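Throughout, protein chains are lettered first and strands after them, A, B, ... in sequence-line order, and every chain is numbered starting at 1. The structure presented is a predicted model; accordingly, all values stated were derived computationally and were not measured.
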There are 2 protein chains.
Amino acid sequence: MGEFELIRRYFAPMAKATKPALDGSGLLLGVGDDCAIQRVPANQDLVFSVDTLVEGVHFPLGYCPRFLGWRALAVAVSDLAAMGAQPVCFTLALTLPAADEAWLEGFAAGLAEAGQQFGIVLAGGDTTRGPLTLSLQVHGTVPQGQALRRDGAREGDLVCVSGQLGDAGAALEFLYDTAPATDAASLLQRYHCPQPRLELGIALRSMASAAIDISDGLHADLLHILRASGVGATIDLAALPLSPALRRIKGGAAAGFALQSGDDYELCVTVPEQRWAAASRELQQQLTVIGQVQQEPGLRLNADAGMVYSQRPGFDHFSIT
Amino acid sequence: MGEFELIRRYFAPMAKATKPALDGSGLLLGVGDDCAIQRVPANQDLVFSVDTLVEGVHFPLGYCPRFLGWRALAVAVSDLAAMGAQPVCFTLALTLPAADEAWLEGFAAGLAEAGQQFGIVLAGGDTTRGPLTLSLQVHGTVPQGQALRRDGAREGDLVCVSGQLGDAGAALEFLYDTAPATDAASLLQRYHCPQPRLELGIALRSMASAAIDISDGLHADLLHILRASGVGATIDLAALPLSPALRRIKGGAAAGFALQSGDDYELCVTVPEQRWAAASRELQQQLTVIGQVQQEPGLRLNADAGMVYSQRPGFDHFSIT
């Protein structure tokens, strides 16, 4: 099967879902020309981010292609959520060792499911031969000047996180279980099918002073906010939102584990106290306050006696050697 | 050296060259947040394209990193030229087997030189560990509705190409020469340092009915235009623009070689006859008329007796197996 036939069969259907918006904005030209064409609505900015996943580094060898399709797009779209953006379209640069049809079918199915759920369409891409590597670039739009950035945290702001932390990281030890128990299965669901917090990100546009998505772990990602903003923070380890499954499996080490482990794709944001007080109950319920921003640089932990944790830096590809 | 330090040292300087335009458009936020932010000028569309280069597939093993930096960006920017777009910014997804500082220094230098010449700045990226692979996505802008596409060729349009064809392909056999002769050196220059036809693409916005850049060879790329437009063409092999170096090295096989060989990154366009007649002498001189569009689908060749050529399809990664 030729490269173009392969692209046509598995990816072109995903690129046909485009409907122009009432104002004529959106993806005007997708797969099949030298470039795709996107019209950004008046008074909006384009936000975009690229993420690369390498087999054996970012996902296990022989990983289920359907989960991979979902995860790859979810991970990339999570960066749009962290900016408060509305997803529009994405490109896929796919390097494959061979044109394995069963693999492509599963991968394309997972990608299409995720695309449909997140409201994002395929705009173009490139298919090449080589070791399995995916680069996805996602495009979103946000009203001019309203994008959530990392550099706006100020002294006194509350540090908040969405959802529950640590589940995806804890799932790694069960990845090859053929019949996982209930707790392990619920953790695995969080690893295989991360849910980018798109609606929450959009709701936080007028509320958060800074935002990031938690990909490398709360500790490392919160440090990005603090450094970009020129501030520090103290967080309360006991306040970290944890699932019952993680508590049962990790015991007293659960919170320390959740602080360091990645792949959750929840949001970590800072919120001025007044805005928090004025926020709707519905919005407050989607976030957990875990600490407060301070003038002094660095990240400090309040931990109860008996809590187990280690202060390792976040996951960093080039410090592993 | 950590991943973030590595990115900071070699790539952040390239991302600092941003100057906002008078209307506030351009790259507003580059490297260092979850997403970059680009403001597209009012009445313009965003055009974008992604290209992946894999070591040993798209460039030779151990290829000079400085040439690779230039080539990677030139090849990607060439897609903007083919749309008649003005370059704005690009992302780089770089997968590296190790953080080799000498390699990174050369690569970043070549990339920076190309970026400066083409007027395009680094907006963001991702650095991961794995087999050497690059994915570049380039962003440009074009007045709404004026992008050059592949599907506009009509019966009677002239088929034109820019520059000279076949040089880059002919350079491949001299790639490992330590002291190439004059002719070989001029071919190698075309391979190592392709020049995307940006100004020509912009000038062709109101003149060409269809356009593509020649990456896989004239034969394959012109077929993309013809198929997308639902037409055919006859081209005159003797009319193909060839360099003196290629003529000397390939003799009677030069034109046939130029028809099939890739990597030239010249433009192939179709132009309605009336617009060609009305075009400036300066614009006409940058193009060579090589044939004409016809209603009957397919690509036909006029060749003189003694010309050597073979009708192979264009380069297609997944038909090689």
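- When heavy atoms are compared at a cutoff of 4.5 Å, B:Ala211 approaches chain A solely by way of its backbone atoms N, CA, C and O.
- Of the atoms belonging to A:Ala36, heavy atoms from both backbone and side chain fall under 4.5 Å from chain B.
- Of all heavy-atom pairs spanning B:Tyr10 and B:Glu105, the tightest one is CE2-CA, 3.7 Å.
- Of the residues listed (B:Val47, B:Val138, B:Ile120), the one engaging B:Pro87 in a side chain to side chain contact (heavy atoms under 4.5 Å, CB included) is B:Ile120, and it is the only one.
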message: Determine whether B:Gln137 and A:Thr91 satisfy the following criterion, side chain to side chain donor-acceptor pair (under 3.5 Å), listing intermediate values before the conclusion.
response: CA-CA 9 Å; B:Gln137 180 161 324; A:Thr91 60; 2.6 Å; yes

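- Comparing A:Ile212, A:Leu80, A:Val40 by how many heavy-atom pairs each has under 4.5 Å with chain B, the most go to A:Ile212.
- Ranking A:Thr133, A:Thr95, A:Ile37 against chain B, the residue ahead of the rest is A:Ile37, based on heavy-atom pairs under 4.5 Å.
- A:Ala42 does not touch chain B: none of its heavy atoms, backbone or side chain, sits under 4.5 Å away.
- Ranking B:Ala85, B:Gly124, B:Ala81, B:Ser135 against chain A, the residue ahead of the rest is B:Ser135, based on heavy-atom pairs under 4.5 Å.
- With chain B as the partner, the residue from A:Gly130, A:Pro131, A:Ser78 showing the most heavy-atom pairs under 4.5 Å is A:Pro131.
- Nearest heavy atom pair, residue A:Asp51 against residue A:Val75, reads OD2-O, 4.0 Å.
- Taking each heavy atom of B:Ala210 and B:Ala153 in turn, the nearest pair found is CB-N, 3.7 Å.
- If you measure heavy-atom distances from B:Gln144 to chain A, the contacts under 4.5 Å come from both the backbone and the side chain.
- Using a 4.5 Å heavy-atom threshold, the side chains of A:Tyr63 and A:Leu132 count as separate.
- Few gaps surround CZ on B:Arg205; more than 12 heavy atoms of other groups in view lie less than 6.0 Å from it.
- Neither the backbone nor the side chain of B:Ala228 comes within contact range of chain A, judged by heavy atoms closer than 4.5 Å.
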